Structure formats: C-alpha cells, structure tokens
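Letters A, B, ... mirror the listed sequences (proteins, then strands); counts begin at 1. No experiment lies behind these values; they were computed from the predicted model shown.
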Protein chains: 2
Amino acid sequence: MPELAEAEARRRFTAARVARLATVDEAGRPHQVPVVCVTVSAEGTGAADRIVTAVDHKPKTTARLKRLRNIAAHPAVCLLADAYDEDWDHLWWVRADGEASVLTPGAADPAVRQAHARAVGLLCAKYPQYRDDPPAGPVIAVTVRRWSGWQARAEPSGRRTPCTPVVPETHEE
Amino acid sequence: MPELAEAEARRRFTAARVARLATVDEAGRPHQVPVVCVTVSAEGTGAADRIVTAVDHKPKTTARLKRLRNIAAHPAVCLLADAYDEDWDHLWWVRADGEASVLTPGAADPAVRQAHARAVGLLCAKYPQYRDDPPAGPVIAVTVRRWSGWQARAEPSGRRTPCTPVVPETHEE
C-alpha cells in the first residue's frame with residue numbers, strides 16, 4: 001500500500017532534518033525554499049499540530065524575504081520532507097498542508113513574543129547548530145490541516161528509521 | 001556572496017538526482033511532490049532551458065494526479081533541488097521557476113508524441129532505474145523562466161561537486 005498512514009507521515013516528517021516550504025506569491029506563482037523546522041504536537045489536546053521554522057542568521061540577500069511576503073498574501077503553505085535513494089523501492093515522502101502565520105520577536109502582543117521565544121527554544125533543542133546563535137528573525141508557525149505521505153513499498157517489519165520524538169504541545173523550555 | 005550565479009545554479013540543478021515540484025491548485029494552495037527530472041539545455045539556441053519529468057510506474061493511488069490537475073489550472077511551477085548537511089556551511093539550494101505543459105504519450109499531434117518520446121529517452125539515459133521499464137504516463141515539460149540559487153558560503157576553489165553534463169537541446173536519441 002503506497003499511502004502512508006497519517007501517524008507514520010507525521011512521525012517521518014518530525015524525524016526529518018530538512019523540509020521544503022512552498023508558498024504562493026501575490027501573482028499566484030509557487031515558491032519553494034528548504035527550511036529546518038520542528039513539529040509541535042497537539043496530541044491529546046484536540047488542537048492541530050504545528051510546525052515552526054525561523055528566519056535565521058544564515059546569510060540572506062535581503063531581510064524582507066519572499067516567503068514572508070507570500071504568507072502575508074496567501075497563508076496556505078505546504079511542507080515536504082522526502083528520502084531519495086538510488087534504490088527506488090526505498091523512496092518516500094511526507095507532506096504537511098496548513099496555514100502559516102508569522103510571529104515577530106518584537107511583537108506588541110506578549111502571547112506572540114512568548115510563542116516566538118518558545119519556537120526558538122524548540123529549534124535550538126533540535127538543531128545544535130542554533131545553540132550558540134539562536135535565530136533572531138521572525139518565526140513561521142504552520143497550523144497543520146493535513147498530514148499525508150507515500151512510500152514506494154512497505155518496509156520489512158522491524159526496520160524503522162530512527163525517530164526524533166515529537167515535542168508535545170505542553171513541553172516547557 | 002550567498003547568491004549563486006545562474007550558470008552555477010543550473011549546473012547544480014542538472015546534477016541533482018531529485019528535485020521537488022511545486023504547483024498551485026484550483027483554490028490557490030501550494031502542492032509539492034519529489035520528482036526525478038532531466039534538464040534539457042537550450043544553450044546557444046536563444047530559447048529557454050526545459051526540465052522534463054514523467055508520471056511513471058512508481059505505485060500511485062490514482063492516475064489522475066493532483067500535479068497534472070494543478071498544472072492545467074495554473075501552469076506556473078517551481079522546481080527546487082537542495083543539499084542538506086549538518087555542517088550548515090555546506091548548505092545550498094537551486095531553484096527553477098517556469099511554466100509547465102503536459103505531453104501525453106498518445107497525443108494526436110505528432111510533435112507532442114515526439115517530444116514525449118524524447119523526454120522519456122532522456123530520463124532513461126539519466127536514470128538506469130527506468131531502462132527496463134520506461135515511464136509510460138504523461139511528461140511534464142517546464143520551460144525555465146529563471147534559475148536562482150543560494151549557498152551558505154563559497155566553496156574553496158578547486159572543490160567541485162561531480163557534474164552530470166547538461167543535455168544540449170540539439171541532442172538526438
């Protein structure tokens with residue numbers, strides 16, 4: 001069965017080290033950029049999962065990034081993680097479709113500032129590369145509407161990719 | 001300088017084994033799927049480069065794929081190839097923005113049938129996985145409007161990723 005169950009899609013996405021963020025610009029054209037991100041699980045809360053990613057200090061040509069302008073125009077986004085292998089029996093991908101909002105570090109609303117700080121904390125926990133220099137720019141927070149995924153064929157039972165635990169929504173820094 | 005020159009972006013994209021195709025659906029939402037693809041160079045012809053990818057025999061849940069419906073509604077697409085590395089100094093990505101059309105294998109127009117057969121031939125030449133079982137479904141052909149790319153920092157001179165040669169537009173099967 002090529003389709004991945006939602007829980008397995010979510011697990012694989014959460015374990016991935018990189019994903020691609022697709023947005024749509026003002027003219028209706030798609031745009032993609034690779035991002036590092038963390039899944040914030042809403043398990044047991046009745047809310048939707050969230051995925052957070054930050055505009056960080058990796059060199060950029062402009063601070064006014066196209067991904068942020070696009071989200072302001074069209075909040076619908078798509079995040080994709082995939083595994084390529086020359087043995088095409090091992091191919092798989094997982095996708096999170098949802099709506100994005102932008103959390104700015106210096107927002108007037110204390111709840112936004114707190115959500116920003118929490119997202120940065122989770123990113124630093126997953127990526128040691130951030131620990132000495134946490135991302136200082138806006139955070140993109142995606143509320144996941146749908147998890148989906150595909151694999152070329154079922155893995156033999158017992159064979160599992162190592163898994164980064166999903167961070168529970170109630171996790172505190 | 002973090003931006004990659006167009007020629008270098010094109011070279012890296014062409015060498016990549018996998019890319020992500022982003023399309024936009026009828027409702028204006030982005031969609032992504034990983035694809036194998038070949039760059040068909042228009043160098044010296046005055047025309048634009050093309051990228052071709054096929055709907056192949058990898059197991060699908062439906063033949064009426066969302067990517068094809070999306071292209072029918074919105075021909076603007078984006079293709080992204082990237083390299084993730086835990087050493088973030090080695091990160092890079094390249095992107096091709098363009099317009100897609102769909103070539104069906106049984107089209108009435110002989111030029112479309114010929115372009116389809118040529119794309120399948122190029123895909124089989126790049127991917128040995130296809131040689132015993134060439135892709136039989138529609139081909140997505142993207143006319144590249146813009147190549148762009150980014151790298152975390154310049155590579156030391158002399159250090160180069162092995163390169164799959166760009167297939168010239170005039171290449172014959």
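Your options are B:A27, B:G28, B:P34, and the one with the most heavy-atom pairs under 4.5 Å with chain A is B:P34. Ranking A:D87, A:D97, A:V33 against chain B, the residue ahead of the rest is A:V33, based on heavy-atom pairs under 4.5 Å. Per-residue counts of heavy-atom pairs under 4.5 Å with chain B were compared for A:L79, A:T23, A:V24; the largest is that of A:V24. Interface remark: of the candidates B:P75, B:P30, B:A76, B:P30 forms the most heavy-atom pairs closer than 4.5 Å to chain A.
With a 4.5 Å cut-off on side-chain heavy atoms, A:D82 and A:W92 do not count as touching.
Between B:W93 and B:W150, the ring planes lie parallel to each other; the angle is under 30°, not in the 30° to 60° tilted range.
Contact of A:R20 with chain B is made through backbone and side chain together, with heavy-atom distances under 4.5 Å. Heavy-atom distances place no part of A:D89 under 4.5 Å from chain B, backbone and side chain included.
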Carefully, step by step, assess A:T39 and A:W147 under the rule side-chain contact (heavy atoms from CB on, under 4.5 Å). CA-CA 12 Å; A:T39 304; A:W147 291 103; 4.0 Å; yes
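With respect to the salt-bridge test (charged N to carboxylate O, under 4.0 angstrom), the residues B:E6 and B:R10 do not qualify.
The two residues A:R17 and A:P128 have their closest heavy-atom pair at NH2-CD, 4.1 Å.
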